[in-house]
Amino acid sequence: MKTIDIDAVGKVMVEDRGEHHMGASTIVVSLPFELDGQREFFTTNGKAVYADATRSLFIHDACMVLHIRLDDFSVTNWMPEQGLLIESITPRDDGLLVKIYEARSPRNGRDLCVGLQEFLAGYGKVRNARFPSAYP
């Protein structure tokens, strides 16, 4: 289990609950606060990253990024273009550096700079705290 300790907010826990398909694991991100009644978010192979510069928590899987502003607990989301998947994210002062790759050709990866202004309000395709990739 990975723990992210955030001042004045608490500990965010990232737990691998085991493989459900070949190389695909259920990941649960547990928050020390509620967002619209939810404390846990479910993904497949997801990750959580804290950005101190923007006081933001990012939760992502291969399909999308959820951005939680810890100053006001507002939620925004970002998804890559169709046919592209997210490998990893790295916070920057003005947004994220996102490593993406083509779904049909994983070797063709590239970096993409995504500004926070490009995120859309709300949870996007996250439904009932489940990311699009989450295994039923």
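All residue numbers in this chain count up from 1 along the given sequence. Values below: all heavy atoms of this structure, side chains included; hydrogens, waters and symmetry mates excluded.
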Colleague: Would you compute the distance between atom CZ of Phe33 and atom CD1 of Ile6 and round it to the nearest 0.5 angstrom?
Modeller: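 Taking CZ in Phe33 and CD1 in Ile6, the distance rounds to 6.5 Å.
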Colleague: After noting the C-alpha distance and the side-chain angles of Asp61 and Ser133, does the key distance pass the side-chain hydrogen bond (donor to acceptor under 3.5 Å, both in side chains) rule?
Modeller: CA-CA 7 Å; Asp61 63 3; Ser133 67; 2.6 Å; yes
Colleague: Measuring only between side-chain heavy atoms, which start at C-beta, is Asn77 closer than 4.5 Å to Val126?
Modeller: no
Colleague: Return all side-chain donor-acceptor pairs below 3.5 angstrom for residues 100-112, not counting sequence neighbours, or 'none' if the list is empty.
Modeller:
residue	atom	partner	partner atom	Å
Ser105	OG	Asn108	ND2	2.9
Asp111	OD1	Lys99	NZ	3.3

Colleague: Determine whether more than 12 heavy atoms belonging to other residues, nucleotides or ligands lie under 6.0 Å from atom CG of Asp5.
Modeller: yes
Colleague: Can you tell me how far apart NE2 (His20) and OG1 (Thr26) are? Round to the nearest 0.5 Å.
Modeller: 4.0 Å
Colleague: Hydrophobic side-chain clustering at under 4.5 Å (ILVMFWY, transitive links): who's grouped with Leu97? Put none if nobody.
Modeller: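 The other cluster members (ILVMFWY side chains, heavy atoms under 4.5 Å, direct or chained): none.
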Colleague: Is the closest side-chain heavy-atom distance between Pro32 and Val12 below 4.5 Å?
Modeller: yes
Colleague: Check this for me: Glu81, atom CD, are more than 12 non-hydrogen atoms of other residues, nucleotides or ligands nearer than 6.0 Å?
Modeller: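 For Glu81, atom CD is not crowded (no more than 12 foreign heavy atoms under 6.0 Å).
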Colleague: Verify the cluster assignment for Ile27 and Val49: are they in a single hydrophobic cluster under the rule of side-chain heavy atoms below 4.5 Å apart?
Modeller: no
Colleague: Measure the CG-NZ distance between Asp16 and Lys2 for me, rounded to the nearest 0.5 Å.
Modeller: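 Answer for the CG-NZ pair, Asp16 versus Lys2, is 12.5 Å.
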Colleague: Quick one: which of Phe119, Tyr50, Trp78 gives a side chain to side chain contact (heavy atoms under 4.5 Å, CB included) with Phe58?
Modeller: Phe119
Colleague: Between Arg130 and Thr43, is there a donor-acceptor pair closer than 3.5 Å when you use the side chain of the first and the backbone of the second?
Modeller: no
Colleague: Of all the heavy-atom pairs spanning Asp93 and Ala53, show the shortest one and how long it is.
Modeller: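 Closest approach of Asp93 to Ala53, heavy atoms only: OD1-CB, 3.3 Å.
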Colleague: Any idea which heavy atoms bring Met64 and Tyr123 closest together, and the distance?
Modeller: CE-O, 3.5 Å
